[in-house]
Number of protein chains: 2
Amino acid sequence: MSLNVDDPAPGTDTVVIVPSTSADAPTRQRRRGEDLESALLLAVWEEFTDVGFYDLTFEAVARRAGTSRAVLYRRWPGKIELVAAAARYALAKQRGPEPEPTGSLREDLVARLRWANRTDVRSMIAATTHVGAYLAAEGVTFAEVRTMMMPTSSSATFSPIDAAIARGEVDPAHVTPRLASLAFDLFRHEVLLNAQPLTERAISEIVDEIVVPLLTRKE
Amino acid sequence: MSLNVDDPAPGTDTVVIVPSTSADAPTRQRRRGEDLESALLLAVWEEFTDVGFYDLTFEAVARRAGTSRAVLYRRWPGKIELVAAAARYALAKQRGPEPEPTGSLREDLVARLRWANRTDVRSMIAATTHVGAYLAAEGVTFAEVRTMMMPTSSSATFSPIDAAIARGEVDPAHVTPRLASLAFDLFRHEVLLNAQPLTERAISEIVDEIVVPLLTRKE
DNA sequence: CTCGTAAGATACAGACTGTATCCTAGGAGC
DNA sequence: GCTCCTAGGATACAGTCTGTATCTTACGAG
């Protein structure tokens, strides 16, 4: 079942949810449970994508979701938790297929950065980072934040570096944790500094000038 | 002349500036011109350092500076401009000497990252990035923001990479703009993600695992 | 049907924003 | 010394938002 939520005029006191899988379902005026939570998180995410972390307000989210602020505060004590939950929700929703293995380290990395370069993934990174910057002041590490917001899938994800090691292209002795995350670190750095998607040139600079030479060096 | 500003109780309508270079200077009740602007920017910077970009308010800055919000608004239309000006001010004030050249690429890079790791420089980076993220949405590039906030000194600053090229340790063909800024990009990335100073280990990882191997490779 | 719960509406006090207006402290000029 | 001008500082205003509390009643379970 997908939701078609009519955006109510401000001040309207009913929200009409029209279930799209059954034209005969009774019309509901109040949402509950999972339906409500999905609508809330969608509203948060849309608002976050529209205005960013700083300008996002409970008031605006409530308005967008057609609910009252109390409903939001009952679930999430503050903006951090709100955005974190929305990011988690968005991630779960957009679990599109990752790129297929190409057999080439360079192509694998490029494909993955292109995939990450889609708008929703960039928003996800921004959300993670904003939340992380806050929690870092409380002694929470970035790795912990990332785990909190993006639970590691139990399915083994494909790693371009592991594949290249298996093909004998990369010496595992070179692969430190920092080098393993370097491509994505540089990608994130770009995301945080620019509102626009990375150019193809930026992607190939990251891969061809930095990551691949480091990974494939012989000494 | 340095300023000793007594923090007035809220509601107090005079601010006493005691010039420390002359005990006989007349007591002034209102600040003007450069004295005032310095006091304002100092207050902004302290507030920014204390509470960060998000929680910084004109109200709190005005209170801390012992002035009215109108005085701030007369100079800076919004938070971005306010913080940008304060960062510029802080940079000008803390122009401490950069590390001396060591004769070794690695040591030069490490020394510079250690220098950058001081609290005030990290605050500067944070301020630049926050402002930049905002202006990026308006099409301003990060490079432009950085130029705006940290005017390039006309004095030629020492570059570890240039020195290493001169010593024959680095092939200039390898030195792309992205590689030239890599050490500092990775440093900034760490600063943005963590509230604590970088550990010595993180610094040496950046330099020894990534930057130096890339710069000094032969192929 | 009844009952329990939480959705949604609304009120409250406080903080902050952006703007406008007023009084008068400072400094320049004579 | 004086006068004049300007902007510092105080304050008011209307609006938005926050965090919290309270009330009514729509839903869903039994």
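Reminder, nothing fancy here: chain letters follow the sequence lines and each chain counts from 1. What's counted below: heavy atoms across the whole structure, side chains too, no hydrogens, waters or symmetry copies.
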Original post:
Of the non-hydrogen atoms in B/Gly66 and B/Arg31, which two are nearest, and what is the gap between them?
Top reply: O-NH2, 3.1 Å
Original post:
Quick one: does NZ or CZ of B/Lys79 land under 6.0 Å from the six-membered ring centre of B/Phe53, within 45 degrees of the ring axis?
Top reply: yes
Original post:
Has the side chain of A/Ser204 got a donor or acceptor atom that lies under 3.5 Å from a matching backbone atom of A/Arg201?
Top reply: yes
Original post:
Starting at CZ of B/Arg75 and ending at P of D/dG8, how long is that distance when rounded to a whole Å?
Top reply: 4 Å
Original post:
Do B/Glu46 and B/Thr49 have side chains that get closer than 4.5 Å, going by heavy atoms?
Top reply: no
Pull out every protein N or O sitting under 3.5 Å from an N or O of nucleotides 4-6 of chain D, one pair per line with the distance.
| from | atom 1 | to | atom 2 | distance (Å) |
| --- | --- | --- | --- | --- |
| D/dT6 | O2 | B/Arg32 | NH2 | 3.2 |

Subject >> Separation of C/dG8 P from A/Asp35 CG (nearest whole Å) >> reply: 11 Å
**OP:** Heavy atoms only: give me the nearest A/Phe158-A/Pro101 pair and the separation to one decimal.
**Re:** CZ-CB, 3.6 Å
Subject >> Between C/dA7 (C1') and A/Arg30 (CZ): distance, integer Å >> reply: 4 Å
Original post:
With respect to the phosphate group of C/dG8, does any side-chain polar atom (N or O) of A/Arg31 fall under 4.0 Å of OP1 or OP2?
Top reply: yes
Subject >> Earlier contact from the 5' end, DNA chain D, for B/Ala70 and A/Ala70 >> reply: B/Ala70
So which protein nitrogen or oxygen atoms get under 3.5 Å of nucleotides 14-18 of chain D's nitrogens or oxygens?
| from | atom 1 | to | atom 2 | distance (Å) |
| --- | --- | --- | --- | --- |
| D/dC17 | OP2 | A/Arg63 | NH2 | 3.2 |
| D/dT18 | OP1 | A/Phe58 | N | 3.3 |
| D/dT18 | OP2 | A/Phe58 | N | 3.3 |
| D/dT18 | OP2 | A/Glu59 | N | 3.0 |

**OP:** Take atom CD of A/Gln29 and atom P of D/dG28, then tell me their distance rounded to the nearest Å.
**Re:** 12 Å
Original post:
Of the nucleotides D/dA26, D/dA7, C/dG8, which one has an atom closest to the side chain of B/Arg74?
Top reply: D/dA7
Original post:
Is the shortest heavy-atom distance from the side chain of B/Val191 to the side chain of B/Leu198 under 4.5 Å?
Top reply: yes
Original post:
Nearest-Å distance, CH2 (B/Trp76) to C1' (D/dG8)?
Top reply: 13 Å
Original post:
Can you check whether A/Leu186 reaches B/Leu186 side chain to side chain, under 4.5 Å on heavy atoms?
Top reply: yes
**OP:** May I ask you to test the B/Phe187-B/Asn117 pair for a side-chain heavy-atom distance under 4.5 Å?
**Re:** yes
**OP:** State whether A/Thr67 places a side-chain N or O below 4.0 Å from either non-bridging phosphate oxygen (OP1 or OP2) of C/dG8.
**Re:** yes
Original post:
In whole angstroms, how far is the P atom of C/dT5 from the CG atom of A/Leu36?
Top reply: 18 Å
**OP:** Salt-bridge test for B/Arg178 and A/Glu190: reply yes if a basic N is under 4.0 Å from a carboxylate O, no otherwise.
**Re:** yes
Original post:
For B/Leu72 and D/dA7, what is the distance between atoms CG and P respectively, to the nearest whole Å?
Top reply: 16 Å
